[in-house]
Asks: 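One structure coming up, written as structure tokens, with questions to follow.
Just so you know, ligand 1 is whichever comes first in the structure, and atom 1 is the first atom listed for that ligand.
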Amino acid sequence: MKKLIAGNWKMNGGLAANDMLVKAMLDGLKGAEPAADMALCVPAPYLAQLQSLLQASPIAWGAQDVSAHEQGAYTGEVSVSMLKDFACRYAIVGHSERRQYHGETDAVVASKAQRALAAGITPIVCVGETLVERDAGQTESVVKRQLAAVIHAVAHCTSEIVVAYEPVWAIGTGKTATPEMAQAVHAVLRAQLAAATQHPQRVHILYGGSMNAANAASLLAQPDIDGGLIGGASLKAADFLQIVAAAR
Ligand code: PGA
């Protein structure tokens with residue numbers, strides 16, 4: 001299975017800057033077979049732009065969130081069918097910034113994942129502990145609780161999700177989990193998936209949290225780290241491409 005390197009632009013970008021960034025990435029990929037599967041998860045207003053820049057390229061695109069509702073009176077929300085209109089392959093669900101600043105519960109995250117899968121969009125389900133939880137020895141119980149809610153909701157489709165382990169204390173802080181720390185949690189998640197699906201090895205379990213060009217290779221060398229969810233470093237073409245190359 002090829003590794004998956006997914007960028008999460010968060011609330012960054014602009015038409016002109018996106019155009020330059022994506023073209024620089026595509027230029028850098030010319031000629032060689034890409035070392036990993038790739039995706040860029042961008043703010044919803046730029047999905048049309050990414051679709052036009054990336055179609056017929058090796059980079060897929062996706063959203064950073066999706067509504068748990070099908071349609072109707074939900075001001076500001078974006079539905080799965082809207083994401084489908086722009087041929088999104090992925091939608092991040094349950095990013096810690098959504099859980100933390102927008103009050104998303106495990107139950108909400110689970111319905112979002114279910115809604116995405118039902119529409120043929122692969123949810124990238126984020127799980128991760130805060131520093132307080134880690135210090136209290138709760139890392140395993142927190143990530144298992146978060147993943148269990150999604151497994152319960154998507155049931156026999158569990159092998160079709162992507163999981164991203166993102167320790168909250170490592171996101172955007174420059175503090176990365178060591179490869180050993182990350183691997184330990186990935187192994188826990190793999191075991192949990194194995195209890196829910198016959199094909200736990202088919203599920204990409206990504207690491208996210210200050211992954212960059214310098215630390216990517218050692219993280220990606222771990223047996224249960226199947227790729228990365230990249231925030232800051234996905235805003236620089238050279239850094240993103242170096243992480244992709246490290247996935248070989
Ligand atoms: P970071 O973000 O790479 O900037 O730490 C990762 C994420 O939040 O997905």
Asks: Look only at the side chain of Thr197 and the backbone of Leu193, and say whether a donor-acceptor pair between them is shorter than 3.5 Å.
Replies: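 A pair under 3.5 Å: no.
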Asks: Is a side-chain donor or acceptor of Arg99 paired with a backbone partner of Cys126 at a separation under 3.5 angstrom?
Replies: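 Checking the backbone N and O of Cys126 against the side chain of Arg99, a donor-acceptor pair under 3.5 Å is found.
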Asks: Hey, which atoms in ligand 1 end up nearer than 4.0 Å to a heavy atom of Leu229?
Replies: 6 (C), 9 (O)
Asks: Within ligand 1, which atoms have a heavy atom of Gly172 less than 4.0 Å away?
Replies: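 Contacts of ligand 1 toward Gly172, numbered from 1: 1 (P), 4 (O), 5 (O).
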Asks: Below 4.0 Å from ligand 1: does a non-hydrogen atom of Ala233 turn up there or not?
Replies: no
Asks: Would you please classify the geometry between the Tyr74 ring and the His69 ring as parallel, tilted or perpendicular, with 30° and 60° separating the classes?
Replies: parallel
Asks: Roughly how far, to the nearest 0.5 Å, is the CD1 atom of Ile230 from the CG atom of Leu235?
Replies: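 Output value for this atom pair is 11.0 Å.
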Asks: For ligand 1, is Ala170 a contact, meaning one of its heavy atoms is under 4.0 Å away?
Replies: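 Heavy atoms of Ala170 do come under 4.0 Å of ligand 1.
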Asks: In this structure, does ligand 1 have an atom that sits under 4.0 Å from one of the heavy atoms of Gly209?
Replies: yes
Asks: Give me the nearest non-hydrogen protein atom to atom 4 (O) of ligand 1 as residue plus atom name, then the distance to 0.1 Å.
Replies: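 The answer is Gly232 N, 2.8 Å.
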Asks: Backbone N or O of Phe86 within a donor-acceptor pair of the Trp61 side chain at under 3.5 Å?
Replies: yes
Asks: Would you please name every residue forming a salt bridge (charged side-chain N to carboxylate O under 4.0 Å, His left out) with Arg98, sequence neighbours left out?
Replies: Asp65, Glu104
Asks: For residues 160-180, which residue pairs qualify under salt bridge (Lys or Arg N to Asp or Glu O under 4.0 Å), counting only residues two or more places apart or in two chains?
Replies: none
Asks: Please determine if Ser210 has a nitrogen or oxygen closer than 3.5 Å to a nitrogen or oxygen of ligand 1.
Replies: yes
Asks: Indicate yes or no: does Asp19 engage Lys23 in a salt bridge with an N to O separation below 4.0 Å.
Replies: yes
Asks: Suppose we measure from atom 7 (C) of ligand 1 to each protein heavy atom; which comes out shortest, and what is that distance?
Replies: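 Result for atom 7 (C) of ligand 1: Glu166 OE2, 3.1 Å.
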Asks: Check whether any N or O atom of Ile230, backbone or side chain, sits under 3.5 Å from an N or O atom of ligand 1, and answer yes or no.
Replies: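 Between Ile230 and ligand 1 (N or O atoms, distance only) the closest approach is not under 3.5 Å.
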Asks: Considering only non-hydrogen protein atoms, determine which one is nearest to atom 3 (O) of ligand 1 and report residue, atom name and distance to 0.1 Å.
Replies: Gly231 N, 2.9 Å
Asks: Considering only heavy atoms of His95, which atoms of ligand 1 have at least one such atom less than 4.0 Å away?
Replies: 7 (C), 8 (O), 9 (O)
Asks: Is it the side chain (CB and beyond), the backbone, both or neither of Ile171 that lies under 4.0 Å from ligand 1, heavy atoms counted?
Replies: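 Both backbone and side chain of Ile171 come within 4.0 Å of ligand 1.
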